[in-house]
Structures are given as structure tokens and as C-alpha cells.
Engineer: 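Can you keep this structure in mind? I'll have questions shortly.
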Amino acid sequence: MTQKNGVVVVSATTAEKPKKRYPGEAKGFVEEMRFVAMKLHTKEQAREGEKEVKEPEERPVTKWEPTVDGYLRFLVDSKLVYDTLEGIIEKAPFPSYAEFRNTGLERSEKLAKDLEWFKEQGYTIPEPSSPGISYVQYLEELSEKDPQAFICHFYNIYFAHSAGGRMIGKKVAEKILGGKELEFYKWDGELPKLLQNVRDKLNKVAESWTREEKNRCLEETELSFKHSGEILRLILS
């Protein structure tokens with residue numbers, strides 16, 4: 001800071017505050033989303049997890065006592081969520097959503113095949129229940145007014161299913177379906193490549209966001225986990 005003719009001059013080097021770095025920021029915005037999501041897992045679920053076990057579905061899967069009826073409710077509500085997500089992406093109320101069409105991660109058709117299989121085994125397919133219905137209503141509203149928050153749900157739903165969701169599906173199938181692998185847990189193509197493609201697209205879309213918009217997306221993570229957890233809990237109902 002210097003003074004010339006009674007005028008205080010502040011040099012740029014002293015006035016500028018160091019830029020805050022967000023965890024994972026150097027690797028791209030998907031890494032920021034992943035970092036926030038991992039913190040919301042329990043230690044049993046993820047090494048970086050910080051959440052205490054409070055809900056039944058947060059206990060280790062080995063201690064679960066799933067039922068076929070509960071699993072069917074979970075699959076029906078999951079299909080409702082994927083139908084809605086994939087419909088929103090197709091309609092693309094915001095142009096950026098169109099980036100995520102036909103990624104290979106889509107689950108709606110796979111779930112339709114699984115529900116048909118259960119029907120062939122003699123099971124009655126239930127109607128969607130309140131966890132799925134309330135979640136899709138929220139997603140539809142969000143997708144029209146808050147694209148950053150909506151993308152948070154998109155990321156967490158698809159990526160969680162490709163990781164922990166697969167493990168849960170395997171364990172539940174061993175307990176109640178004789179180990180049958182459902183279509184819900186199969187992808188056409190190499191899953192790591194499909195996921196990387198979507199990561200690249202997410203990072204590209206987020207490049208145009210302000211820091212405030214990125215933070216808005218990150219703040220939505222907890223709500224995404226809440227809704228998904230309520231649907232997952234149906235397996236134990």
C-alpha cells in the first residue's frame with residue numbers, strides 16, 4: 001500500500017485474497033460431487049464415509065432381511081424414478097440435459113424386463129408407492145427451474161446404482177432370488193467406459209457454471225441421498 005498526493009493506492013498483490021480451492025476441484029467438478037457424496041456414506045459403505053448409521057438400509061447388507069414383496073416395491077419405485085429421469089433428459093427443458101441422452105446408463109427398459117420376469121413367476125406387480133411418487137414429483141419440478149440441482153440428482157442416482165447398488169443387488173439376489181442376476185444390474189457395453197463418458201460430459205457442462213451454481217449443485221447432495229434412501233428402504237419392508 002502506497003500513498004501518492006494524498007491518495008491511497010492498494011496494489012493488486014495485497015488486495016487479492018487467495019482463491020478458495022474446493023476438495024476435488026483440480027480434477028474436475030465430478031470429483032467435487034464424488035467427494036461430497038462419499039462423506040454422506042457410513043464407514044461401512046465407504047472409506048471416506050462420515051455418517052453414523054441411523055436408518056435400516058444404512059446397516060451392512062449382510063445383516064439385511066429382504067423380502068421379495070419389499071424388493072418388488074423397490075424395483076417398481078426405482079423404475080418410476082428412471083422413467084422420469086430419462087423422460088426429462090429426452091425432453092431437455094434446459095439444453096444441457098441433451099448431453100445425457102443415450103449414455104448407456106439408462107435403466108428403465110432393463111427394469112421393465114425384470115418386472116416382467118417377476119410377473120412370469122406368478123408375483124403381482126405393485127403400484128408405485130409414496131417414496132417413488134414424491135421423489136419424481138420433486139425431480140420434475142426441479143428439472144424445470146434449477147438445472148444445477150437436477151444434475152446433482154442425475155449424477156448420484158446413476159453413479160450410486162453402478163457402484164453400491166450393484167453390490168446390494170447381488171447380495172439381495174443371493175438371499176431371496178437364488179442368486180439370479182437381474183437386468184437392472186447389467187449394462188450393454190463396458191461399464192467403466194460408459195461411466196467415464198458421462199463423467200466427461202458432466203465436467204464439460206459444469207465448466208459454464210459459476211462457483212455459486214456449482215455450490216448449489218453440491219448442496220443438493222444430501223436431499224438426493226434422502227430420497228434414494230427412502231426408496232432403498234422398501235427392500236426391507
Engineer: Does the pair Asp114/Lys119 count as a salt bridge with the N-to-O cut at 4.0 Å?
Structural biologist: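 Here Asp114 does not pair with Lys119 in a salt bridge, since their nearest N and O are not under 4.0 Å apart.
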Engineer: Within this structure, what is the NZ-CD distance for the pair Lys204 and Glu207, rounded to the nearest 0.5 Å?
Structural biologist: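 Here the rounded value is 8.5 Å.
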Engineer: Taking all heavy atoms of Lys79 and all of Ala112, pick out the closest pair and write down the distance.
Structural biologist: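 Shortest heavy-atom separation between Lys79 and Ala112 comes out as CE-CB, 3.6 Å.
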Engineer: Hey, mind stepping through Ile168 and Ile235 against side chain to side chain contact (heavy atoms under 4.5 Å, CB included) and telling me if it holds?
Structural biologist: CA-CA 10 Å; Ile168 290 169; Ile235 298 176; 4.3 Å; yes
Engineer: Counting neighbours of NZ on Lys175 that are heavy atoms of other residues, nucleotides or ligands and sit closer than 6.0 Å, is the number greater than 12?
Structural biologist: yes
Engineer: Measuring from atom CD1 of Ile231 to atom OH of Tyr135, what distance do you get when rounded to the nearest 0.5 angstrom?
Structural biologist: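 Here the rounded value is 7.0 Å.
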Engineer: Can you measure from OG (Ser129) to CD1 (Ile133) and round to the nearest 0.5 angstrom?
Structural biologist: 6.5 Å
Engineer: How far apart are the closest heavy atoms of Ala206 and Lys214, and which atoms are they?
Structural biologist: O-CE, 3.3 Å
Engineer: Side chains of Arg73 and Ser237: do they bring a donor and an acceptor to under 3.5 Å?
Structural biologist: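 Yes, side-chain donor-acceptor contact under 3.5 Å.
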Engineer: Quick check on Glu174: does its CD atom have over 12 non-hydrogen neighbours (other residues, nucleotides or ligands) under 6.0 Å away?
Structural biologist: yes
Engineer: How about His161 and Tyr185: does a side-chain donor come under 3.5 Å of a side-chain acceptor?
Structural biologist: no
Engineer: Taking the side chain as C-beta and beyond, is there a heavy-atom pair between Ile88 and Phe100 under 4.5 Å?
Structural biologist: no
Engineer: Checking Phe118 against Thr124 for the side chain to side chain contact (heavy atoms under 4.5 Å, CB included) test, could you report, in this order, the C-alpha distance in whole Å, the side-chain angles of both residues, the deciding distance, and whether it holds?
Structural biologist: CA-CA 8 Å; Phe118 276 98; Thr124 300; over 6 Å; no
Engineer: Under 3.5 Å, is there a donor on one side chain and an acceptor on the other for Asp200 and Gln196?
Structural biologist: yes
Engineer: Are any of the side-chain heavy atoms of Trp117 and Gln121 separated by less than 4.5 Å?
Structural biologist: yes
Engineer: Taking Arg107 for its side chain and Tyr82 for its backbone only, find out whether a donor-acceptor pair lies under 3.5 Å.
Structural biologist: no
Engineer: As a quick check of understanding, evaluate salt bridge (Lys or Arg N to Asp or Glu O under 4.0 Å) for Lys113 and Glu116, giving each step before the final call.
Structural biologist: CA-CA 5 Å; Lys113 290 179 181 177; Glu116 187 58 35; over 6 Å; no
Engineer: Write down the atom of Leu234, the atom of Pro131, and the distance for their closest heavy-atom approach.
Structural biologist: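 Closest approach of Leu234 to Pro131: CD2-CG, 4.2 Å.
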Engineer: Where do Ala37 and Asn156 come nearest, in terms of heavy atoms and distance?
Structural biologist: CB-OD1, 3.6 Å
Engineer: Quick one: does Leu105's side chain get under 4.5 Å of Ser162's, heavy atoms only?
Structural biologist: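 A side-chain contact is absent here, since even the closest heavy-atom pair is not under 4.5 Å.
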Engineer: Determine whether Phe35 and Ile157 fall in the same hydrophobic cluster, where Ile, Leu, Val, Met, Phe, Trp and Tyr are linked whenever their side-chain heavy atoms lie under 4.5 Å apart.
Structural biologist: no
Engineer: List the steps and the verdict of side chain to side chain contact (heavy atoms under 4.5 Å, CB included) for Met33 and Val30.
Structural biologist: CA-CA 5 Å; Met33 287 197 284; Val30 170; 4.2 Å; yes
Engineer: For Lys193, enumerate each residue passing the salt bridge (Lys or Arg N to Asp or Glu O under 4.0 Å) test, keeping only those at least two apart in sequence or located in another chain.
Structural biologist: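 Partners of Lys193 under the salt bridge (Lys or Arg N to Asp or Glu O under 4.0 Å) test: Glu190.
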Engineer: Do Phe159 and Leu202 come within less than 4.5 Å of each other through their side chains, counting heavy atoms only?
Structural biologist: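 Result yes, sub-4.5 Å side-chain heavy-atom pair found.
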Engineer: Is it true that atom CD of Glu109 has more than 12 heavy atoms of other residues, nucleotides or ligands lying nearer than 6.0 Å?
Structural biologist: no
Engineer: Can a donor-acceptor pair be found between the side chains of Arg199 and Asn203 at a distance below 3.5 Å?
Structural biologist: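 No, no side-chain donor-acceptor pair sits under 3.5 Å.
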Engineer: Got more than 12 heavy atoms from elsewhere within 6.0 Å of CD, Glu127?
Structural biologist: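 Check fails, neighbour count at 12 or below.
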Engineer: Could Glu230 and Arg233 be called an ion pair, given the rule that one side-chain N must be under 4.0 Å from one carboxylate O?
Structural biologist: no
Engineer: Is the shortest heavy-atom distance from the side chain of Leu72 to the side chain of Leu115 under 4.5 Å?
Structural biologist: yes
Engineer: Could you give the distance from CD (Gln148) to CD (Glu212), rounded to the nearest 0.5 Å?
Structural biologist: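 Atom-to-atom, Gln148:CD and Glu212:CD are 11.0 Å apart.
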Engineer: Is there a chain of hydrophobic side chains (I, L, V, M, F, W, Y, each step under 4.5 Å between heavy atoms) that links Leu218 to Leu40?
Structural biologist: no
Engineer: Are Trp209 and Ile151 close enough that some pair of their side-chain heavy atoms sits under 4.5 Å apart?
Structural biologist: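 Yes - at least one pair of side-chain heavy atoms lies under 4.5 Å apart.
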Engineer: For Glu220, enumerate each residue passing the salt bridge (Lys or Arg N to Asp or Glu O under 4.0 Å) test, keeping only those at least two apart in sequence or located in another chain.
Structural biologist: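 With sequence neighbours excluded, Glu220 shows a salt bridge (Lys or Arg N to Asp or Glu O under 4.0 Å) to Arg216, given in chain and number order.
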Engineer: Using the rule that Ile, Leu, Val, Met, Phe, Trp and Tyr join whenever any side-chain heavy atoms are under 4.5 Å apart, tell me whether Leu232 and Met38 fall into a single cluster.
Structural biologist: no
Engineer: State, yes or no, whether a side-chain contact exists between Leu139 and Phe154 at a heavy-atom distance under 4.5 Å.
Structural biologist: no
Engineer: So for atom NZ, which belongs to Lys171, do other residues, nucleotides or ligands contribute more than 12 heavy atoms lying within a distance under 6.0 Å?
Structural biologist: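 Not more than 12 within 6.0 Å, no.
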Engineer: What distance do Leu75 atom CG and Leu111 atom CG have between them, rounded to the nearest 0.5 Å?
Structural biologist: 6.0 Å
Engineer: What are the two closest heavy atoms between Glu86 and Tyr158, and how far apart are they?
Structural biologist: OE2-OH, 2.9 Å
Engineer: Under a 4.5 Å cut-off applied to non-hydrogen side-chain atoms, are Phe150 and Glu144 in contact?
Structural biologist: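 Result no, sub-4.5 Å side-chain heavy-atom pair not found.
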Engineer: Set out, in order, the CA-CA distance, both residues' side-chain angles and the distance that settles side chain to side chain contact (heavy atoms under 4.5 Å, CB included) for Asn215 and Glu219, then state yes or no.
Structural biologist: CA-CA 6 Å; Asn215 290 348; Glu219 287 160 7; 4.2 Å; yes
Engineer: Atom CZ of Phe225 and atom CD of Glu58: how far apart are they, to the nearest 0.5 Å?
Structural biologist: 10.0 Å
Engineer: For Thr103, is there any backbone N or O sitting under 3.5 Å from a side-chain donor or acceptor partner on Glu106?
Structural biologist: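 Such a contact is found between Glu106 side chain and Thr103 backbone.
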Engineer: Quick one: do the Glu140 and Ser143 side chains pair a donor with an acceptor below 3.5 Å?
Structural biologist: no
Engineer: Would you name the heavy atoms of Arg59 and Lys63 that are closest together and state the gap between them?
Structural biologist: NH1-O, 3.5 Å
